[in-house]
Amino acid sequence: MTTTATKPGGARARAAIAAKTLRTDNWRLAPLITVVGLGGWVAYATVRVFMHDFYWVEDYHYLTPFYSPCITDRCVTDAAHFGTYLPGWWVIPEASFTLPFLLLFRLTCYYYRKAYYRSFWASPPACAVPDGHKTYSGETRFPLIFQNAHRYAFYAAGIISIINTYDAIVAFRSPDGFGFGLGNVILVLNVVMLWAYTLSCHSCRHIAGGRLKHFSKHPVRYRFWTFVSKLNVRHMQLAWITLGTLALTDFYIMAVSAGWFGDLRFIN
Amino acid sequence: MGAKRHFRVWRGDETGGDLQDYQVEVNEGEVVLDIIHRLQATETPDLACRWNCKAGKCGSCSMEINGMPRLGCMTRMSTFEESETVTVTPLRTFPVIRDLVTDVNFNYQKARETPAFAPPEDLAPGEYRMQQVDVERSQEFRKCIECFLCQNVCHVVRDHEENKKAFSGPRYFIRAAELDMHPLDAKTDRKDYAQASMGLGYCNITKCCTEVCPEHITITDNAIIPMKERVVDRRYDPIVWLGRKIFRRDQLSEGDGLGMSGLPQADGHGAEHKSGVNWHREVPAPQVAPVGDDGKLPISEITFDRAGGPSPFGDDVTFPLPPEGLNYAHPDRDK
Ligand code: SF4
Ligand code: SF4
Ligand code: FES
C-alpha cells in the first residue's frame, strides 16, 4: 500500500512565506479608484441634498432626482407633486421619503458591498492580499446580517424608479404646452439607466425566476430571468453609470435653475 | 535554446523554508509548470510539485505565481516580461507538505460533509428525465476541476485559520447551489444547511473566488448570491419568520444541520465520537502488491500467475475503500 508523506496530527503549519503578499501587479489601484469615486460622489450628493435650492426649473418642470418627491414645506408648490408632509428644517432633505431607501438599496447592493468591503474596509483589499482585520465573521452577525434585507430595499427602489419616471414624463412641458430640450434627454437617459440598474439587481434576478427549481414549468418567468441575467452581468457597470447619470442630471438642473446656462431647447 | 530567466521558488516544509533563487532556461510556448519540471531535471531533482494532466483539467498543479493563485500548467511564460522575476510559492491556506505540495485535506473533509444528491425515492435509476433548461444552471458548476484555488484565495479561511471549522468555502457553495437548483434533487433543507453548517454567511461576496477560477465559473454571481437569496427566502424573510414564530416551526437552530449529510452513521468506533479522528487506529494492513524478485510488478499476464493486471495496492484491496478503514471524522461527532 502506498504511504503518505504526511503524519496526520493536530493543526499543521502553513508554508512560512515571509512576504504578506507577493503580488507584483498594481493591486492598490482598483480599491483606490473606488474610494475616490464613491467618496467624491457621496460628498457631492451630501452638499447638494443640504443645499435646499436649485432643484427645480420652473419653465420646463425639471426636478432633480435628489429632490424627488419633494415633500417638505420648503418645496416650491409646483415641484411638490405629492404634497408636503415635513417641516422645512435644514437637516431634513426634501426627498426624505426616498433618500434613505435609495441609500439602503445601494449600501446593501451585492456589487457595492464588494466594492466597499474591499476598498474602505480592506476585507480583503485585493485577492491574495491579507485581510486588514484580526478576526472576521463576515455577514453572519449584527450589523452585517442585515445585508440580507437587500430585497426589501429593492422593492422600495422599484417604487422610487416609478416616481423618477413620472418626473421625467412631467418634464416634457414648456411655458406653452409640449416641449423638450437637452434637459429632457438627460432626465430620460437617467431614468432608463436607473431602471437598468434596479432591474439588474441580484435580488431581482432571484425574485424574477432564480428561486425556481424547474424553469420548464414557468416559461414566462424563465424569460424574465434570462433578461434580468443579461442585465445582471453588467450590474457593476450600471452601478457606476447610474452614479454618473444621477450626478449629471442633478448638476445640469442645478446649473439651469441657477441660471449658469440656459437649457438647450429642441422644441419650444 | 531560450534565454535564462530569474525564478524564485519556495523550498521547505512544515518546519520552515524560504524563497530560493534560480536561473532557468525558458523556451517559447512554455508554461510555469514546464520551468518547474526543468528545475527538477537540472538543478533541484528533489523539488516537490504536484501535477498530472498539464492541460488544466486535473486541478493538481495549483500554486501561487507572483502572489496570485494559478494553475502552473495554464500560466504561460509569455505573460511575463523577459526581465521579470517569477516567484512561485505553495498555496498559503493549506498546511505545507514540502516545497510546492500542500495538504488539501480540508477540502475533502468539507466535500464529505456536503449532503449528496438525493433523487426522489420513488424514482428508479434510469427513469431520470429532465429538461435542458432545468439543469443548465447546475451544469456550469460541474465544470469544476477541484483545483481548490478558490478555497485557497478566499480570505475567510486564508487570513483566518479559525474559520476553517465553520466555513466550507466557495467550491462547496457551488456544490450546494448545483444540488439546490437540480431538478431532480428532492432534499429541501439545503438552504438551511448552507446557512447553518457551511457558513454561507461568512462570505462577503468580494469575488476573489470568481477571479481565480481557471474554469471561469462565475462562483459568486451564479452560485453564492443565489444561495444567499434562497437563504433569505427561508430565514430572513419577515413574513416567513413571523409565520414560523406563530406556528412554532422555528426549530432550525445553529448546528442542527450537521448530520444531514447522509454519511454512514458512526458504528462501533466509539473513540471517534469524542476525540475526532483516531489517527493511530490499526487498519488491517493490505497484502503487499504481488511484486517479483526485482521488486516490480510483472510486466504482462504471460509472466504472471493470475489473469488480468495485478493491483499495485495488493489484491485484497477493493475500491471504494470500506468507510471503517478511512481516517475521517464528521465534525459534528468531534464535539
Ligand atoms: S466571494 Fe465569498 S467565497 Fe468567494 S472568495 Fe470572496 S468571501 Fe470567499
Ligand atoms: S470552482 Fe473553480 S477555482 Fe474552485 S475548485 Fe472548482 S475549478 Fe477550482
Ligand atoms: S497539471 Fe492538471 S491542471 Fe495543471
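Reminder, nothing fancy here: chain letters follow the sequence lines and each chain counts from 1. The structure displayed is predicted, hence computed values, not measured ones.
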Looking only at B:M181, B:E84, B:K228, most heavy-atom pairs under 4.5 Å shared with chain A are made by B:K228
Checking heavy atoms, do the side chain of A:S123, its backbone, both or neither come under 4.5 Å from chain B? both
Best-contacting candidate, B:H182, B:E64, B:E162, against chain A by heavy atom pairs under 4.5 angstrom: B:H182
Atom group of A:I145 that falls short of 4.5 Å from chain B, counting heavy atoms: side chain
Which atoms of A:V129 come close to chain B, meaning under 4.5 Å heavy atom to heavy atom: side chain ones, backbone ones, both, or neither? backbone
What part of B:D185 lies closer than 4.5 angstrom to a heavy atom of chain A: side chain, backbone, both or neither? both
Looking at A:H202, A:R151, A:H150, A:R141, which one has more heavy-atom pairs under 4.5 Å with chain B than the rest? A:R151
Separation of A:L194 CG from A:I241 CD1 (nearest 0.5 Å): 11.5 Å
Mind checking whether A:Y222 and A:F227 have ring centres under 6.0 Å apart? no
Separation of B:M198 CE from B:S168 OG (nearest 0.5 Å): 4.0 Å
Engaged part of B:P183 at the chain A interface, taking heavy atoms whose separation is under 4.5 Å: both
I'd like to verify something: which residue of A:G210, A:A16, A:G138 has the highest number of heavy-atom pairs under 4.5 Å with chain B? A:A16
Heavy-atom distances under 4.5 Å only: say whether B:N222 touches chain A with side chain, backbone, both or neither. both
Say whether B:Q132 and B:Q139, considering side chains only, have a donor N or O and an acceptor N or O under 3.5 Å apart. yes
Has the side chain of A:R221 got a donor or acceptor atom that lies under 3.5 Å from a matching backbone atom of A:A208? yes
Please classify the contact of B:Q131 with chain A as side chain, backbone, both or neither, using a heavy-atom distance under 4.5 Å. side chain
Go through the atoms of B:V157 and report whether side chain, backbone, both or neither lie under 4.5 Å from a heavy atom of chain A. backbone
Shorter than 4.5 Å, heavy atoms on both sides: which option in A:Y110, A:Y136, A:F215 has the most such pairs with chain B? A:Y136
Among B:D180, B:T93, B:T206, B:D159, residue most engaged with chain A (heavy-atom pairs, under 4.5 Å): B:T206
Identify which one of A:W240, A:F105, A:Y111 satisfies the ring pair (Phe, Tyr, Trp, His ring centres under 6.0 Å) criterion when paired with A:Y197. A:F105
CG of B:D46 to CZ of B:R11, rounded to nearest 0.5 Å, is 4.5 Å
Heavy-atom proximity to chain B below 4.5 Å, by part of A:H214: both
As an exercise: rank A:L212, A:D25, A:V233 by heavy-atom pairs under 4.5 Å with chain B and give me the winner. A:L212
Is the B:C208 SG less than 2.5 Å from the A:C127 SG? yes
Under 3.5 Å, is there a donor-acceptor pair between the side chain of B:T89 and the main chain of A:I17? no
For A:W225, is the NZ or CZ atom of B:R137 found under 6.0 angstrom from the centre of its six-membered ring and inside 45 degrees of the ring axis? yes
Checking heavy atoms, do the side chain of A:A18, its backbone, both or neither come under 4.5 Å from chain B? neither
So for B:N163, is it side chain, backbone, both, or neither that comes closer than 4.5 Å to the heavy atoms of chain A? side chain
Decide side-chain hydrogen bond (donor to acceptor under 3.5 Å, both in side chains) for B:T85 and B:R8; before the verdict, give the C-alpha distance in whole Å, the side-chain angles of both, and the deciding distance to 0.1 Å. CA-CA 7 Å; B:T85 301; B:R8 288 193 301 164; 5.8 Å; no
